Colleague: 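Structure provided below as structure tokens; questions to follow.
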Amino acid sequence: MEEQILINNEISQLNKIDAAKFQQDLIGWFEAEQRDLPWRKDQDPYKVWVSEIMLQQTRVDTVIPYFHNFIEQFPTIEALSNADEEKVLKAWEGLGYYSRARNLQSAVREVHEKYDGKVPNDPKEISSLKGVGPYTAGAILSIAYGIPEPAVDGNVMRVLSRILSIWEDIAKASSRKVFEEAVRKLISHSNPSFFNQALMELGALICTPTSPSCLLCPVREHCHAFHEGTEKDLPIKTKTKKHRHVQIVAAVLRNNEGKFLIHKRPSKGLLANLWEFPNVEVLLPHINEKEQLKDAVKELFKTDIEIDEMIGQIEHVFSHLTWNINAYKGQVHFMEKEAEDLRLVTAEEMKEFSFSVSHQKILQQFIESEEE
DNA sequence: TAGTCGTGGGC
DNA sequence: TGCCCAAGACT
């Protein structure tokens, strides 16, 4: 209750701001200083959509080449609807958070069938699409359709926490609505697209997490934190706890024709539907890990294999866990049959399959071991 | 609500 | 080096 009163007081700071002047300063800066990005060439709702999904938790510089390639391969709703999921995942390979790609294609297919290929401009309809949350819905609606909806991401929370002196913990999911209400009171109705993009651009270029460039800021005269000298104390963001470690033993296995044995991961969970080299979690570290892998592969894949020397040790860090992989090379002596999720492929054929970065590292270690 | 879900860059 | 981060969504 006391907290709610505090929030109301913070948002009441908006009353002290000349909203029109703020919009003018912010949008004027954006018009002059915005980066030249490939998804800003036009307002095609499909391309805006693709870019927003790719940009989730991902840096602009990382996204740019993926965006170019993806749009070249899948230029329209129709093209992505008709594509094989394998091709889509291959285009996403290395970008991370792979459920984004599968959800995007699923949602695009729904738009293709249910909305005659037109991305809905209704908040409820667009929010119902798989992978489209509150931020992405607002981003597409405002950028592609000029609809004054909030698009609150991490940038916007950081920027507005400083400008309005909001001391909510932005790590909490419940805080987002506080910032959405603030945006609703501040947003330009004549240019909601530039308003939302400008808040994010400001966060990316000026109002950065550590040591913001306040002296270059186009809206510093509107900024409560700048006037109070609290810009480095905001936003409040609680720490994330450290994650766990998992020991993995893996092997690059080839048959007498030199073909590689690869396996498709399950359709749910970590790295869903991506391909990998046979591997197993080491649950009993005191027992020979090569024997554990051999037994597991024999049981799971109905194969008889031999594991030879180690080719490398790889540490791969995810958001919430770390894999410590011991990688070996070996041979497939006998395999009952291939399956949808179990293939023997040539080195050339393997390029068509999507692998996580950790397994690309394993392959790289194998190649280097063969060169010696 | 808190955990899951990737990767590479920056300090 | 280890940590935090970067235009979040889902369960």
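Keep in mind that what you see is a predicted model, and the values were worked out from it rather than measured. Chain naming here is simple, since letters A, B, ... match the order of the sequence lines and numbering starts at 1 in each.
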Colleague: Output the single nucleotide from C:dC5, C:dG8, B:dG8 whose closest atom is nearest the side chain of A:Pro209.
Modeller: C:dC5
Colleague: Contact class for A:Leu37 vs. all strands (heavy atom < 4.0 Å): base, sugar-phosphate, or nothing?
Modeller: base
Colleague: Pick the P atom in C:dT11 and in B:dG6, then give their distance to the nearest Å.
Modeller: 14 Å
Colleague: Could you report the tightest heavy-atom contact between A:Phe74 and A:Ala83, atom names first, then the distance?
Modeller: CE2-CB, 3.5 Å
Colleague: How many Å lie between CD on A:Gln360 and P on B:dT7, as a whole number?
Modeller: 8 Å
Colleague: Using 30° and 60° as the class boundaries, would you call the ring planes of A:His316 and A:Trp323 parallel, tilted or perpendicular?
Modeller: tilted
Colleague: Expressed as a whole number of Å, how far does the P atom of B:dC5 sit from that of C:dA6?
Modeller: 23 Å
Colleague: Of all the nucleotides listed (B:dT7, C:dC5, C:dG8), which has the minimum atom distance to the side chain of A:His316?
Modeller: B:dT7
Colleague: With a 6.0 Å cut-off (strictly less than), is the heavy-atom count around NZ of A:Lys361, excluding the residue itself, greater than 12?
Modeller: yes
Colleague: Which part of the nucleic acid, if any, lies within reach of A:Arg102 when heavy atoms closer than 4.0 Å are counted: base, sugar-phosphate only, or nothing?
Modeller: nothing
Colleague: Students often get this wrong, so: under 4.0 angstrom with heavy atoms, is A:Val156 touching a base, only sugar-phosphate, or nothing?
Modeller: nothing
Colleague: Apply the ring pair (Phe, Tyr, Trp, His ring centres under 6.0 Å) test between A:Phe277 and each candidate in A:Tyr328, A:Phe366, A:Phe355; give the one that qualifies.
Modeller: A:Phe355
Colleague: Just compare C:dA9, B:dT4, B:dT7 and give me whichever is closest to any side-chain atom of A:Phe318.
Modeller: B:dT7
Colleague: May I ask you to verify if any side-chain N or O of A:Thr136 is less than 4.0 angstrom from the OP1 or OP2 atom of C:dA9?
Modeller: yes
Colleague: Looking only at the side chain of A:Tyr97 (C-beta and beyond, no hydrogens), which of the listed nucleotides B:dG6, C:dC5, C:dA9 gets closest?
Modeller: B:dG6
Colleague: Using a cut-off of less than 4.0 Å, is there contact between a side-chain N or O of A:Arg100 and OP1 or OP2 of C:dC10?
Modeller: no
Colleague: Heavy atoms under 4.0 Å, any strand shown: does A:Ser51 hit a base, just sugar-phosphate, or nothing?
Modeller: nothing
Colleague: Tell me the interatomic distance from A:Leu321, atom CG, to C:dC3, atom C1', rounded to whole angstroms.
Modeller: 16 Å
Colleague: Taking the nucleotide of DNA chain B with the closest heavy atom to each, which residue, A:Phe355 or A:Ser174, is nearer the 5' end?
Modeller: A:Ser174
Colleague: Select one nucleotide: of C:dC5, B:dT7, B:dT1, the one nearest the side-chain heavy atoms of A:Ala173.
Modeller: B:dT1
Colleague: Within this structure, what is the CD1-to-P distance between A:Ile170 and C:dC4, rounded to whole angstrom?
Modeller: 14 Å
Colleague: Taking any heavy-atom pair under 4.0 Å as a contact, classify A:Gly269: base, sugar-phosphate, or nothing.
Modeller: sugar-phosphate
Colleague: For A:Glu52 and for A:Gly131, find the nucleotide of DNA chain C with the closest heavy atom, then tell me which residue's nucleotide is more 5'.
Modeller: A:Glu52
Colleague: With a 4.0 Å cut-off on heavy atoms, is A:Lys172 in touch with a base, just the backbone sugar-phosphate, or nothing at all?
Modeller: nothing
Colleague: Looking at every strand, decide which applies to A:Val317 at a 4.0 Å heavy-atom threshold: base, sugar-phosphate, or nothing.
Modeller: base
Colleague: Looking only at atom types and distance, does a side-chain atom of A:Gln313 sit under 3.5 Å from a main-chain N or O of A:Asn326, one as donor and one as acceptor?
Modeller: no
Colleague: Taking atom P of B:dG6 as reference, at what distance in whole Å does atom NE2 of A:His320 sit?
Modeller: 7 Å
Colleague: Scan A:Trp39 against the nucleic acid and name what it touches under 4.0 Å (heavy atoms): base, sugar-phosphate only, or nothing.
Modeller: base
Colleague: Between C1' on C:dC5 and NZ on A:Lys237, what's the gap in Å once rounded to a whole number?
Modeller: 7 Å
Colleague: Measure the acute angle between the ring planes of A:Trp275 and A:Phe353, then classify it against the limits of 30° and 60° as parallel, tilted or perpendicular.
Modeller: perpendicular
Colleague: Any side-chain heavy atom of A:Arg158 sitting closer than 4.5 Å to one from A:Pro209?
Modeller: yes
Colleague: Could you check whether A:Arg176 gets within reach of a base, just the sugar-phosphate, or nothing at all, counting any heavy atom under 4.0 Å?
Modeller: nothing
Colleague: Side chain of A:Tyr98: nearest nucleotide among B:dT7, C:dA6, C:dA9?
Modeller: B:dT7
Colleague: Can you find a donor-acceptor N/O pair under 3.5 angstrom joining the side chain of A:Thr58 to the base of B:dG8?
Modeller: no
Colleague: Just checking A:Arg265: base, sugar-phosphate only, or nothing, at a heavy-atom cut-off of under 4.0 Å?
Modeller: nothing
Colleague: Rounded to the Å, how far apart are A:Met54 CE and C:dA9 P?
Modeller: 16 Å
Colleague: Over how many whole Å does the gap from A:Glu201 atom CD to C:dA6 atom C1' extend?
Modeller: 14 Å
Colleague: Give the rounded distance in Å between these two atoms: CG of A:Leu95 and P of C:dA9.
Modeller: 15 Å
Colleague: Which nucleotide in the list C:dA6, B:dT7, C:dG8 gets nearest to the side chain of A:Arg59?
Modeller: C:dA6
